[in-house]
Amino acid sequence: MKITKNQYLAAFSIIVLLLAIIRLAFPRIADERTDRVEDQQELALTGDGQDASETDIKPSAETAKLTDNSTKDKEIEESRLKNNKEEGKEKSKEQAPGNDEPVPFEANSRARNWNNGESRFFNRDGTPAKHRIFSVARYADAFPDSQQVQIIAANKWGVSPVKNRQDAEARKKELVYMSVSPYYHVDRMYRSIPYLVPRAAVLLNDIGRAFYDSLQLKNIPMHQFIVTSVLRTQDDVVKLRNYNGNATENSCHLYGTTFDISYNRYKTVEPPGEKRRQVRNDSLKFVLSEVLNDMRKSNRCYIKYEVKQGCFHITVR
């Protein structure tokens with residue numbers, strides 16, 4: 001016989017109702033068995049702590065069995081803890097350095113990668129671990145996302161196009177100010193303003209942090225990449241189109257989802273009075289391209305390699 005959906009729901013409702021009535025009629029039916037046994041043991045004591053033998057109340061066979069099992073489990077656990085403790089003492093004696101011996105570098109847990117017990121930043125002897133620079137095969141192939149692709153994401157995640165600077169000031173509840181950050185440097189802007197939607201601002205910070213990590217892993221002095229363009233107003237786009245042929249009327253920059261990162265200029269990070277070694281911009285470009293390639297493959301963004309403008313054109317997704 002085929003059961004319809006309504007018949008199944010009706011039967012299920014009746015069963016739930018019956019279980020609820022039984023639960024209300026017999027509240028103790030839902031108690032754990034061990035709780036009921038403990039209650040029986042408490043009832044075995046009457047008056048001012050009188051023993052069960054005095055009141056002719058004897059524990060049941062089930063109670064005795066549980067008590068025996070509990071005692072055995074406790075003895076096994078104590079034995080296991082004792083063995084572990086003795087093994088730990090023997091290991092510490094074997095691994096403990098002498099009074100004049102330095103503590104091995106592997107003991108520094110702050111520098112360990114817990115996935116495989118090895119450090120990503122240092123070798124076993126304590127020397128910095130240097131990772132190779134790979135870059136990408138061809139920039140145009142690795143970052144091919146055109147305006148037609150990026151504008152879809154801009155419309156999905158962005159704000160409505162900003163008309164002018166006054167309109168941008170009124171949108172501060174929708175946009176995040178991103179001109180100051182320890183992870184990147186914002187260039188002086190004439191045709192855009194430093195605002196992004198929160199989703200794009202998080203992406204930009206993540207790119208900056210990943211870039212720092214990559215530089216350290218490859219033993220390259222710290223540098224910040226430079227953000228050259230962010231949110232553009234409609235007035236900015238009109239003026240920009242007069243001398244920039246790549247600027248489109250419906251630019252992704254209008255929506256606060258897009259920013260440009262220069263790939264041929266970088267800002268060196270160094271303390272006052274300290275001069276760090278020079279690094280070629282091409283080497284920094286290789287490292288930055290690795291980071292952006294990972295972000296794009298993780299479906300975090302769309303990226304277009306701009307040859308004439310010298311930048312990576314990036315839209316959050």
Side-chain angles (χ1 to χ4, degrees), residues 139-140 142-181 183-211 224-263 288-289 291-317:
Y139 296 111
F143 311 112
D145 303 318
S146 62
Q147 163 72 12
Q148 289 77 14
V149 174
Q150 298 196 25
I151 194 64
I152 298 174
N155 281 300
K156 180 179 180 180
W157 301 110
V159 298
S160 57
V162 179
K163 296 179 180 179
N164 48 42
R165 302 301 170 93
Q166 290 74 23
D167 186 19
E169 291 294 324
R171 302 284 194 91
K172 287 185 177 178
K173 291 184 179 180
E174 306 173 72
L175 301 168
V176 175
Y177 181 76
M178 40 67 62
S179 182
V180 179
S181 173
Y183 302 117
Y184 54 82
H185 175 76
V186 179
D187 210 2
R188 187 174 182 179
M189 299 178 180
Y190 299 96
R191 292 290 179 262
S192 66
I193 50 180
Y195 290 98
L196 287 171
V197 295
R199 189 182 185 89
V202 171
L203 170 66
L204 181 58
N205 274 329
D206 289 347
I207 293 174
R209 294 174 63 182
F211 184 61
Q224 293 176 331
F225 57 74
I226 298 175
V227 180
T228 57
S229 183
V230 196
L231 174 67
R232 293 176 188 164
T233 66
Q234 291 177 332
D235 291 347
D236 291 331
V237 173
V238 171
K239 296 176 182 178
L240 192 63
R241 281 170 59 85
N242 293 331
Y243 59 88
N244 184 356
N246 288 340
T248 60
E249 185 176 359
N250 189 25
S251 172
C252 297
H253 287 280
L254 290 169
Y255 301 90
T257 57
T258 306
F259 49 87
D260 294 342
I261 296 178
S262 173
Y263 56 67
L288 179 59
S289 66
V291 172
L292 294 179
N293 192 39
D294 290 340
M295 289 289 177
R296 183 177 178 275
K297 288 183 177 179
S298 300
N299 296 325
R300 295 287 307 276
C301 58
Y302 291 113
I303 305 176
K304 175 65 176 177
Y305 180 70
E306 299 283 0
V307 179
K308 294 183 179 180
Q309 302 304 317
C311 69
F312 293 107
H313 181 73
I314 305 170
T315 297
V316 69
R317 58 178 297 189

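Treat the numbers as computed from the prediction; the structure is a model and nothing was measured. If you read the sequence from its start, that first residue is 1, and numbering goes on from there.
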Open item on the list: Which residue is it: Arg296, Gln150, Arg317? I am looking for the one with a side-chain hydrogen bond (donor to acceptor under 3.5 Å, both in side chains) to Asp145.
Closed with: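 Exactly one candidate clears the test, Arg296.
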
- [ ] Verify, without hydrogens or angle tests, whether Asn155 (side chain) and Ile151 (backbone) share a donor-acceptor contact under 3.5 angstrom.
- [x]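 The answer is yes, because a donor-acceptor pair under 3.5 Å joins these two groups.
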
Open item on the list: Taking Ser160's backbone N and O only, do any of them form a donor-acceptor pair with Glu174's side chain (distance below 3.5 Å, no angle check)?
Closed with: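 Judged by distance alone, no pair lies under 3.5 Å.
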
Supply the atom-to-atom distance [X] [atom1] to [Y] [atom2], rounded to the nearest 0.5 angstrom.
X: His313; Y: Cys301; atom1: NE2; atom2: SG; result: 11.5 Å
X: Leu254; Y: Leu231; atom1: CG; atom2: CG; result: 7.5 Å
X: Lys304; Y: Phe143; atom1: NZ; atom2: CZ; result: 12.0 Å

- [ ] Using ring pair (Phe, Tyr, Trp, His ring centres under 6.0 Å) as the criterion, list what pairs up with Tyr263, not counting sequence neighbours.
- [x]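 For Tyr263, the residues satisfying ring pair (Phe, Tyr, Trp, His ring centres under 6.0 Å) (neighbours in sequence not counted) are Tyr305, Phe312.
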
TODO: Starting from the C-alpha separation in whole Å, work towards a yes-or-no answer on side-chain contact (heavy atoms from CB on, under 4.5 Å) for Arg171 and Val162.
DONE: CA-CA 8 Å; Arg171 302 284 194 91; Val162 179; 4.0 Å; yes

Determine the minimum heavy-atom distance between [X] and [Y], stating which atoms define it.
X: Asp167; Y: Lys163; value: OD2-N, 3.0 Å
X: Thr257; Y: Cys252; value: OG1-O, 3.7 Å
X: Val186; Y: Ser179; value: CG2-O, 3.4 Å
X: Tyr184; Y: Met178; value: OH-O, 3.2 Å
X: Ala154; Y: Thr315; value: N-CG2, 4.2 Å
X: Val197; Y: Tyr255; value: CG1-O, 3.7 Å

Open item on the list: Less than 3.5 Å apart, any donor N or O on the side chain of Arg232 or Thr258 sitting next to an acceptor on the other?
Closed with: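 Per modelled atom types, Arg232 and Thr258 side chains form no pair under 3.5 Å.
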
Mind checking whether [X] and [Y] have side chains closer than 4.5 Å, heavy atoms only?
X: Phe259; Y: Ser192; result: no
X: Phe225; Y: Ser262; result: no
X: Ser229; Y: His253; result: yes

Only distances under 3.5 Å count here; give the side-chain donor-acceptor pairs of residues 203-210 to other protein atoms, sequence neighbours excluded, each with its distance to 0.1 Å.
| residue | atom | partner | partner atom | Å |
| --- | --- | --- | --- | --- |
| Asn205 | OD1 | Ser181 | OG | 3.4 |
| Asp206 | OD2 | Arg300 | NH1 | 3.4 |
| Asp206 | OD2 | Arg300 | NH2 | 2.9 |

Task: Val230, Thr228, Ile261 screened by side-chain contact (heavy atoms from CB on, under 4.5 Å) with Asp187, the one that passes - done: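 Filter result, single survivor: Thr228.
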
